Structures are given as C-alpha cells and as structure tokens.
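Note on naming: letters A, B, ... go to the chains in the order of the sequence lines (proteins, then strands), and numbering restarts at 1 for each one. Every value quoted in this text rests on a predicted model; they were computed, and no experiment measured them.
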Amino acid sequence: MKCAALAAVPLVLSGCTGPLSTLSPSGPIAQDIAWLWWALLAGAALLALMVFVLVALGFGRPREVAEGRWVFGMGVWFSLAVLTLTLAGALWIGERMLPHGPALEVHAHARQWSWSFTHPGTTGRTETEGVLHIPAGRPVDVLLTSSDVIHSFWVPQLGGKMDAIPGRQNRLRIEAARPGTYEGLCAEFCGLEHASMRFEVIAHDPAAWPPLLTMEGSRP
Amino acid sequence: MRQVGGMVWLGWLIAGPTAWAGAFSVAYGLHGLGCELGWPALDVGPLSLQRMAIALPSLAAILLCLVLLSRVKATLGPEAGLPRLGLWIGLIATLYTMAPVLVATSC
C-alpha cells in the first residue's frame with residue numbers, strides 16, 4: 001500500500017506541468033500568477049501543519065495546554081498573519097497584471113464553440129480561426145467579445161483568464177517571453193462542446209512581426 | 001439591568017458578523033454598478049465616487065459595531081462575553097475586507 005502511494009506521487013505531480021499548466025509559465029504575467037500559487041500553497045501548508053500538530057497533541061497523554069497561546073496566538077494571530085501576507089501578495093500581483101500602459105491590441109471573439117481572432121498582419125488587419133498571433137517580448141491586450149453565451153479566454157502559460165460576455169468587451173493582458181506555440185482553452189462551461197473549444201497562440205519573433213498571414217486560420 | 005431573553009441574546013451574538021455581511025453585500029452591488037456607470041472617474045473630495053460608495057457601507061457597519069460595543073455590557077450584563085467577541089469579529093472583518101478598496105484598482 002505504501003509503495004503504491006509512493007509510486008502515485010510522480011504520476012500526480014506530472015499533472016503540474018505541460019502546455020495547460022499554470023505552473024509552467026512562459027511570460028512575466030503568468031510567472032507572477034505561478035509565484036502567487038506557490039505563496040498560497042505555502043500559506044495553506046503552514047495552516048494545515050498547525051492543525052495537524054493540534055490533532056497529534058490530542059492523541060498524546062492528557063496534559064496542561066496553554067489555551068491562550070493556541071487559541072489566540074496560533075488560531076487568531078498566526079492565521080491572520082498568513083492570510084494578510086497572502087492577501088497583500090495577491091493585491092500586489094493583481095495590480096501588476098492589469099492592463100496599464102501601452103500594448104498591442106488584438107480582438108478575440110467567442111461563439112459556441114470556436115474562437116476567431118483579429119490582429120495586425122502584413123496586409124492590414126487579419127482574421128484567423130482558432131489561432132491567435134502575437135509578438136513575443138511585449139504586452140498584448142486581448143479584447144474579448146462573445147456572440148452567444150459566456151465563454152472564458154485562458155492561456156495558462158501566458159496570463160490570467162477573463163470572461164467573454166455577450167454585449168460587453170473585456171480586456172485581458174497577456175505576454176509571451178519567447179517565441180513559441182502555446183495552448184489556450186475556454187475556461188467557462190459553455191455547452192456540450194465546451195471541452196473541445198481550444199485554440200493556439202503563436203508568439204512570433206519581434207523581428208518577424210507582423211507575420212505574413214495569407215488565409216483564415218493559416219500559419220505563417 | 002433587565003433580563004434579556006434567548007432570541008435577543010442571539011441577535012446580539014450575530015450582530016457583528018451580520019453588520020459585516022450587510023456592508024459586504026451592499027459594497028459588492030455598488031462596486032458592479034459603479035464600474036458600469038464610470039464612478040472611478042468621478043472625484044468626491046480626495047476619493048473617487050467609486051471608492052466612496054464602497055467605503056461608506058463599511059464605515060456604517062464599523063460605526064454600528066462601535067455603538068453596540070459601547071452598550072453590550074449594560075444590556076446583557078454577565079452574558080455579554082460572546083456577543084462582545086462577535087461584535088469585535090464583525091468590526092475587524094469589516095476593516096480587513098474593505099481596506100483593499102482604498103488602494104486596489106477597482107474596475
């Protein structure tokens with residue numbers, strides 16, 4: 001049983017990597033989110049450790065316990081300190097992720113169950129299906145719209161996620177540190193084919209931007 | 001000091017968390033409304049209308065907790081212990097959850 005549990009650890013941990021993992025960031029915004037994830041994990045681990053120690057103490061022989069130290073020292077002040085630190089970190093990172101300052105603008109339009117993108121090309125603005133082209137090394141604002149239900153744009157390796165809402169235009173900032181192909185998906189359940197509502201983001205070398213896009217959905 | 005019944009004592013006990021919950025709900029609603037109506041761009045003294053609209057329900061909840069804290073002992077006598085703790089919880093929770101409103105980007 002113990003061996004099976006140990007053998008399962010690498011299998012479970014393998015889920016922490018891959019093209020759709022927040023923990024494999026490929027840009028500064030996604031890197032911030034990954035740091036926040038690790039900070040929250042550390043905070044949760046500290047609080048869990050405190051609870052485990054209390055449970056372990058409960059199994060020992062009866063003893064005098066300094067109630068004030070456990071209830072207020074650990075239960076209130078320690079927990080509050082962990083929560084305050086993680087909240088401050090979340091606020092700081094949240095502010096850094098917001099679309100402040102200049103950025104390239106591209107449009108992403110969602111519908112059941114596909115994405116279309118409009119961005120600069122060598123022959124003016126070009127529309128593609130299922131493939132978003134961006135330059136690497138600079139911030140990109142994705143302007144999100146939807147024509148039917150609520151969808152959500154998410155490229156875990158490049159940034160946070162944002163809803164695409166009918167009748168509204170939302171703005172999400174993403175950035176790729178290096179040229180490459182990144183996977184994206186709809187992160188809000190939107191109907192029967194929700195799971196297949198995927199797309200790709202191709203980050204180009206800045207020297208080759210804008211790319212030559214000759215037809216809808218084409219690769220350069 | 002008059003005798004206070006069970007439900008009245010219960011009311012005092014949940015007054016603090018209820019004040020926090022009420023302020024939070026009102027602030028939540030006003031936040032969405034303000035983003036839609038462009039309140040962050042409207043200044044009211046040193047704060048934007050958006051921050052003011054979210055901060056005012058919190059200030060009201062804090063004031064309510066302070067007033068009740070000043071009266072809890074006189075009203076409940078020896079039964080005031082837990083309700084006083086509840087009022088402190090409501091007061092600190094309101095301060096804690098509303099403080100980011102003054103610094104974070106709202107919309």
Side-chain angles (χ1 to χ4, degrees), chain A residues 29 32-33 36 39-40 43 47 67-103 139 141-146 150 159-174 188, chain B residues 13-14 16-17 19-21 23-25 27-43 46-48 50-55 58 61-62 65 69 72 80-107:
Chain A
I29 298 169
D32 278 353
I33 294 172
L36 181 61
L40 291 174
L47 293 174
E67 241 175 72
R69 186 187 301 164
W70 281 105
V71 173
F72 287 99
M74 299 299 281
V76 176
W77 301 122
F78 175 69
S79 305
L80 211 54
V82 170
L83 288 175
T84 303
L85 282 174
T86 47
L87 175 65
L91 285 172
W92 180 57
I93 285 177
E95 287 292 318
R96 283 163 55 103
M97 286 169 53
L98 290 175
H100 296 309
D141 280 357
V142 185
L143 304 177
L144 295 156
T145 51
S146 168
I150 298 177
K161 68 177 82 160
M162 178 74 77
D163 281 358
I165 300 171
R168 289 191 60 87
Q169 177 176 274
N170 282 341
R171 179 183 292 264
L172 173 72
R173 180 156 293 188
I174 61 173
E188 176 78 30
Chain B
L13 181 67
I14 63 171
W20 165 77
F24 192 90
S25 302
Y28 198 96
L30 288 175
H31 170 256
L33 201 62
C35 285
E36 181 62 28
L37 298 178
W39 289 356
L42 303 175
D43 286 335
L47 293 177
S48 68
Q50 176 79 346
R51 291 195 200 281
M52 190 71 86
I54 300 173
S58 315
I62 289 166
C65 287
L69 272 169
V72 65
L82 276 180
R84 184 191 290 120
L85 193 61
L87 288 166
W88 276 113
I89 288 171
L91 180 68
I92 293 169
T94 306
L95 282 170
Y96 192 88
T97 49
M98 297 301 175
V101 169
L102 297 175
V103 292
T105 301
S106 182
C107 297

Candidate polar pairs, chain A side and chain B side, donor-acceptor under 3.5 Å:
unit_1: A/Leu83; atom_1: O; unit_2: B/Tyr96; atom_2: OH; d: 3.4
unit_1: A/Thr84; atom_1: N; unit_2: B/Tyr96; atom_2: OH; d: 3.0
unit_1: A/Thr84; atom_1: OG1; unit_2: B/Tyr96; atom_2: OH; d: 3.0
unit_1: A/Glu95; atom_1: OE1; unit_2: B/Thr105; atom_2: OG1; d: 2.6
unit_1: A/Glu95; atom_1: OE2; unit_2: B/Thr105; atom_2: N; d: 2.5
unit_1: A/Glu95; atom_1: OE2; unit_2: B/Thr105; atom_2: OG1; d: 3.1
unit_1: A/Arg168; atom_1: NH1; unit_2: B/Glu36; atom_2: OE1; d: 2.8

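Interface residue A/Leu83: backbone and side-chain heavy atoms are both found under 4.5 Å from chain B.
No more than 12 heavy atoms of other residues, nucleotides or ligands lie within 6.0 Å of CZ in B/Phe24, so this atom counts as exposed by the packing criterion.
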